[in-house]
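Computed from a predicted model, the values in this text were never measured in an experiment. Chain identifiers are assigned alphabetically (A, B, ...) following the order of the sequence lines, protein sequences preceding nucleic acid strands; residue numbering begins at 1 within each chain.
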Protein chains: 2
Amino acid sequence: MAVHVLTVLAYKEGDRVTSAFLAGSVNTNPVIIRRLLLDLQRARLIETTKGAGAGSRLSRAPGRINLAEVFRAVEEHETFGRPSGKPNQACPVAQCMRDELDRVFASARAALESDLERTTLADLMKAARDCACSDKKNE
Amino acid sequence: MAVHVLTVLAYKEGDRVTSAFLAGSVNTNPVIIRRLLLDLQRARLIETTKGAGAGSRLSRAPGRINLAEVFRAVEEHETFGRPSGKPNQACPVAQCMRDELDRVFASARAALESDLERTTLADLMKAARDCACSDKKNE
DNA sequence: CGAGTATGTAATATCAGTGATTACATTTGT
DNA sequence: ACAAATGTAATCACTGATATTACATACTCG
């Protein structure tokens, strides 16, 4: 959803877009969009103004925003599920499992983000232009 | 939890371990473990027998089971959330977003699994031996 | 300055996924 | 036959994401 919203903003480069418009594109509620926009603001990916005629826009060119930044802006929680409760003290394996898994998962997450870094919003815009959406009537 | 269970099985190499024992180590319910073991069986990572004196054991040496296999065995659902409802037909961006994101996310997931492939159960056992768990009294 | 517009935010409802628990049928070894 | 252990269904609690309504706040424009 975050990628979708940012891509719409990329299309409307420079123009301020309202949460109501974005909600229409994603087919969801404006409040959901506004909460998402708050995350994107904190990550400095967009700028938002209040009041009449206001809205949001990208704070950088689409070619300078990659999907790893979007991922980090939105995914504040852990990528993998950590063991929930306390480890069983009697089991030697349980003792170190948490720390060991943290190490492994941090590495895996880094690998994932490295891959996401290779795609920018501009790449997605280009792909969208090339795809079968050429049957748009209003333009 | 799957990694934890498999590591315990690696420790008890050859022996059959019951779901009740594993549940004790992970601090959860035996039924949860049994459902997990079914996934691991389908992935051919373990072999399970029924009846008295039965249980589960690894079907391969710990050095020949990597975490990518465990990931695939357990994570049947998509790694990333796909847009839920139908796309808004009036929005040109919405049209292609789904396919484009599928491509990007498939690549990211492949990168993640490649990283997980580099760690085997044997690696985790070695790390556990080296860690501060050396204060185990019963052995 | 006042009216309208749009965001920020709280409260609440719904829904899916995961874990927890109980119960029971089935299989298997002694 | 009995005991042990898995396979499995039914149910409950909990969490996270999405949805919706309502309202306070901030800003622009006439």
Side-chain angles (χ1 to χ4, degrees), chain A residues 1-5 8-9 12 15-43 45-57 59 70-71 73-88 94, chain B residues 1-5 8-9 12 15-43 45-57 59 70-71 73-88 94:
Chain A
M1 201 161 106
V3 174
H4 189 151
V5 162
V8 173
L9 291 180
K12 306 271 181 178
D15 294 10
R16 312 214 95 109
V17 182
T18 71
S19 64
F21 181 92
L22 292 170
S25 169
V26 188
N27 246 340
T28 184
N29 195 286
V31 175
I32 303 295
I33 296 294
R34 288 206 279 270
R35 284 205 281 253
L36 172 61
L37 293 177
L38 290 178
D39 285 338
L40 300 178
Q41 285 171 45
R42 280 186 215 102
L45 297 180
I46 66 171
E47 293 167 359
T48 300
T49 56
K50 297 161 131 182
S56 302
R57 67 179 179 194
S59 58
V70 181
F71 179 76
V74 172
E75 292 277 340
E76 75 287 354
H77 55 270
E78 298 295 324
T79 305
F80 295 90
R82 282 266 297 278
S84 45
K86 295 171 185 172
N88 181 343
Chain B
M1 202 161 104
V3 174
H4 189 150
V5 162
V8 173
L9 290 180
K12 305 271 181 179
D15 295 9
R16 312 214 95 107
V17 183
T18 71
S19 64
F21 181 91
L22 292 169
S25 170
V26 188
N27 246 340
T28 183
N29 195 285
V31 176
I32 304 295
I33 296 293
R34 288 205 279 269
R35 284 204 281 251
L36 173 61
L37 293 178
L38 290 178
D39 286 338
L40 300 178
Q41 285 171 45
R42 279 185 216 103
L45 297 179
I46 66 172
E47 292 168 359
T48 301
T49 56
K50 298 161 131 182
S56 303
R57 68 179 178 195
S59 57
V70 181
F71 179 76
V74 172
E75 291 277 338
E76 75 289 355
H77 55 270
E78 299 295 323
T79 306
F80 295 92
R82 283 267 296 279
S84 44
K86 295 171 185 172
N88 181 343

Point-to-point distance, once rounded to the nearest 0.5 Å, from CE of A:Met1 to CD1 of A:Ile33: 4.5 Å
Specify the separation, in whole Å, of atom CG of A:Leu22 and atom C1' of C:dG8. 16 Å
Expressed in angstrom and rounded to an integer, what is the separation of A:Lys50 atom NZ from C:dT7 atom P? 11 Å
Once you apply a heavy-atom cut-off of 4.0 Å, does B:Thr49 come out as touching a base, just sugar-phosphate, or nothing? sugar-phosphate
With salt bridge (charged side-chain N to carboxylate O under 4.0 Å, His left out) as the rule and sequence neighbours excluded, what pairs involving residues 45-55 of chain B come up? B:Glu47-B:Arg57
Can any side-chain N or O of B:Ser59 pair as donor or acceptor with the backbone N or O of B:Leu45 at less than 3.5 Å? yes
Check the phosphate of C:dT7 against A:Ser19, side-chain N and O only, distance under 4.0 Å to OP1 or OP2. Yes or no? yes
Could you check which of C:dA6, C:dT28, C:dG8 has an atom nearest any side-chain atom of A:Ala54? C:dA6
Counting C-beta onward and ignoring hydrogens, is there a side-chain heavy-atom pair between A:Val26 and A:Ile32 closer than 4.5 Å? no
Check: B:Gly55 main-chain N/O paired with B:Thr48 side-chain donor or acceptor under 3.5 Å: no
I need the full list of salt bridge (charged side-chain N to carboxylate O under 4.0 Å, His left out) pairs touching residues 20-40 of chain B, with sequence neighbours left out, sorted by first then second residue. B:Asp39-B:Arg42
What parts of residues 30-41 of chain A reach DNA chain D, counting only heavy atoms under 4.0 Å away? A:Val31, A:Ile32, A:Arg35
Atom-to-atom span, CZ of B:Phe21 to C1' of D:dA4 - whole angstrom: 17 Å
Please give, in whole Å, the distance from C:dT27 C1' to B:Arg16 CZ? 14 Å
Quick one: is B:Asn29 getting a side-chain N or O under 4.0 Å of the C:dG19 phosphate, OP1 or OP2? no
